[in-house]
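For reference, the structure is listed below as structure tokens.
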Amino acid sequence: MLFEPVIRKLSAFERLSEGEVHAVRKLGHDVRVFHRYRDIITEGESPDFVHVVLAGWAARYSILPDGGRMITAFLIPGDFCDMHVTTLSAMDHSILAITDCKIAFVQKHAIEEVTRSTVALTRAFWRSTLVDEAILRQWLVCVGRRDAKAALAHLLCELHVRLQLVGLADDGDLQLPLTQTELADATGLTAVHINRTLRALRQDGLIDEGPSIRLRDIARLREAGDFNPQYLHLRTPNVIA
């Protein structure tokens, strides 16, 4: 079912009852398709809905005065694009569909009703938002202090854990629909530098490239990226072992 990634993600933060799972599924009755490279939300908008990625990939981004783009998050199935709009008045960044996406439009009052009715879901939504902030902090560290090899290794490890969590990655295969330009915009590097860095990771025996990226040695890749999944705050140990 389309809302299963959301259930899996929230269940990684809180143990949910059958009633709470049913309440979450009921949020997903309005699902819309966004085609690749179309904005789901634009900076400055005041959305009437909370948007949830059910299928496909999206990205948070900002455009700089010189026309450059900075990607500040990759959003995968199960991720909330803009939970903060229940409190803040307008978007301070845009959300782009990187691939064709299915997006749930959840009325803000529905989120408020669900969180009033159950403490566990209130905590799960809140922890989901806090983990988004923790991920952003790690990205800042990568951009500001990790070299290109460590930053890219860290990003691959993070995406692997997050995709595993929602059932979209196995032991080491990553189906990443990301261009080298998109990886560059997320790491503060150039596409040429990303290309060289992927080649270096491949030559070190850490990854294989093809239709998907194969993480050949996850332990060594985590070491190369100084990756510790503790900041994801998951209570699902088998995902991050």
Side-chain angles (χ1 to χ4, degrees), residues 2-10 13 24 27-112 124-140 142-143 155 158-159 161-163 165-166 168 175-188 232:
L2 275 177
F3 240 66
E4 286 313 300
V6 183
I7 301 298
R8 291 182 66 135
K9 180 176 179 179
L10 294 177
F13 303 129
V24 172
L27 297 174
H29 62 87
D30 182 1
V31 178
R32 309 180 195 181
V33 174
F34 286 79
H35 293 297
R36 186 182 187 190
Y37 297 148
R38 177 185 167 190
D39 272 352
I40 299 167
I41 316 164
T42 303
E43 183 177 354
E45 287 186 9
S46 299
D48 295 322
F49 300 90
V50 173
H51 302 78
V52 189
V53 181
L54 301 183
W57 285 59
R60 302 184 198 279
Y61 75 94
S62 296
I63 297 296
L64 304 177
D66 64 0
R69 180 180 68 175
M70 187 71 198
I71 290 177
T72 54
F74 289 124
L75 303 172
I76 63 173
D79 286 343
F80 291 82
C81 296
D82 49 8
M83 183 69 79
H84 61 279
V85 301
T86 59
T87 303
L88 302 179
S89 59
M91 294 291 295
D92 55 23
H93 60 277
S94 300
I95 307 286
L96 174 73
I98 291 178
T99 67
D100 290 349
C101 290
K102 291 183 179 178
I103 305 293
F105 280 55
V106 182
Q107 293 184 346
K108 289 188 282 189
H109 73 78
I111 296 286
E112 293 165 356
F125 284 133
W126 180 234
R127 287 177 180 174
S128 175
T129 301
L130 293 177
V131 167
D132 287 346
E133 294 177 2
I135 290 172
L136 179 58
R137 286 192 291 273
Q138 285 295 321
W139 280 37
L140 288 172
C142 284
V143 170
L155 178 59
E158 177 192 291
L159 291 173
V161 171
R162 291 171 58 199
L163 288 166
L165 177 65
V166 295
L168 295 176
Q175 297 285 343
L176 296 184
L178 304 175
T179 66
Q180 292 186 3
T181 296
E182 288 157 353
L183 289 171
D185 288 348
T187 54
L232 297 172

Does [X] use its side chain to pair, donor to acceptor, with the backbone of [Y] at less than 3.5 Å?
X: Arg60; Y: Cys81; result: yes
X: Thr99; Y: Trp57; result: yes
X: Arg32; Y: Ile103; result: no
X: Asp82; Y: Val50; result: no
X: Glu182; Y: Thr179; result: yes
X: Ser128; Y: Ala124; result: no
X: Ser94; Y: Glu43; result: yes

What verdict does the side chain to side chain contact (heavy atoms under 4.5 Å, CB included) test give for Ile41 and His51, after you've listed the backbone C-alpha separation in whole Å, the side-chain angles of each residue and the deciding distance to 0.1 Å? CA-CA 9 Å; Ile41 316 164; His51 302 78; 3.5 Å; yes
Heavy-atom closest pair, residues [X] and [Y]:
X: Cys101; Y: Gly56; result: SG-C, 4.0 Å
X: Arg36; Y: Ile98; result: CG-O, 2.9 Å
X: Pro77; Y: Ala55; result: CG-CA, 3.9 Å
X: Val6; Y: Leu54; result: CG2-CD2, 3.9 Å

Ring geometry between Phe74 and Trp139 (parallel below 30°, tilted from 30 to 60°, perpendicular above 60°): perpendicular
Pairs involving residues 64-79, ordered by first then second residue, that meet side chain to side chain donor-acceptor pair (under 3.5 Å) (sequence neighbours left out): Lys9-Asp79, Arg69-Asp185, Asp79-Arg162
Taking atom types as modelled and ignoring hydrogens, do the side chains of Asp39 and Tyr61 form a donor-acceptor contact shorter than 3.5 angstrom?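 Judged by distance alone, the side chains do pair up.
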Centroid-centroid distance, Phe125 to Phe13, less than 6.0 Å: no
